[in-house]
Amino acid sequence: MFLGIGLGSTNKLGLPGEKDLANVIDAVEYIAELRQAKDLARLPVGRRVVVIGGGMTAVDAAVQSKRLGAEVVTIVYRRGVEQMKASAFERELAQTNGVVIRPWAQPIAIEGHGETASGVLFERTRERTASWSARAAPSASRPTWVFTAIGQKADGATLGGIA
Ligand SMILES: Cc1cc2nc3c(=O)[nH]c(=O)nc-3n(C[C@H](O)[C@H](O)[C@H](O)COP(=O)(O)OP(=O)(O)OC[C@H]3O[C@@H](n4cnc5c(N)ncnc54)[C@H](O)[C@@H]3O)c2cc1C
């Protein structure tokens, strides 16, 4: 017998604000909503978008956000561009759609303004001794959409908990 039930759950960052802030969004859920939307014009999208991850889902969320009207879209990946799981074609697609790819950085805090995410604080994953940090969205008063696209995993509840 073969089971082909996919990976129904997603990895979480485990950072404060990930669950509570309104515009911190699981990229897989957003893409699922987008694919089923009857009218894409009605689908909300942030003006400033940060996507955390480096796979197909990250690129999908970034490119679709740009096409839906986001002004600034940045993919931040913890390793190098060459190590991204997204294919070279997808990476090029991101860049030709105006998405900025920032490698070698990982999130350490999601900043909030009220109930809304206003930025993500990253630390550099290479040359850690250098005092380098970057805010993908530095203004605390401007909402920022944060997509998490850091991998899928088996849904523990699938098939009554056996998968
Ligand atoms: C946003 C996004 C973009 C992607 N882009 C690309 C891309 O450009 N190129 C690429 O190669 N890959 C891409 N991928 C990855 C690709 O979608 C997956 O690798 C692929 O779908 C995995 O196939 P699968 O058959 O293992 O699982 P799935 O495609 O997830 O299929 C599993 C199926 O099993 C069903 N199922 C689950 N539980 C049960 C149950 N208990 N009983 C019966 N049925 C059940 C589900 O409903 C589903 O239909 C992308 C993934 C995502 C999320």
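Whatever order the structure lists ligands and atoms in, that order sets their numbers, starting from 1.
Taking the side chain to side chain donor-acceptor pair (under 3.5 Å) definition, one finds that Glu71 meets it with Arg47, sequence neighbours left out. Asp20 meets the side chain to side chain donor-acceptor pair (under 3.5 Å) test with no other residue; sequence neighbours excluded.
At a 4.0 Å cut-off, at least one heavy atom of Gly4 sits close enough to ligand 1 to count as contact.
A distance-only check finds a donor-acceptor pair linking the side chain of Asn11 to the backbone of Ile150 [under 3.5 Å].
Using a 3.5 Å distance cut-off with no hydrogens or angles, the side chains of Asp26 and Thr10 do pair a donor with an acceptor.
Residue Ile31 approaches ligand 1 through these ligand atoms, each under 4.0 Å from one of its heavy atoms: 1 (C).
The nearest non-hydrogen atom to atom 12 (N) of ligand 1, considering only Arg35, Met56, Lys85, comes from Met56.
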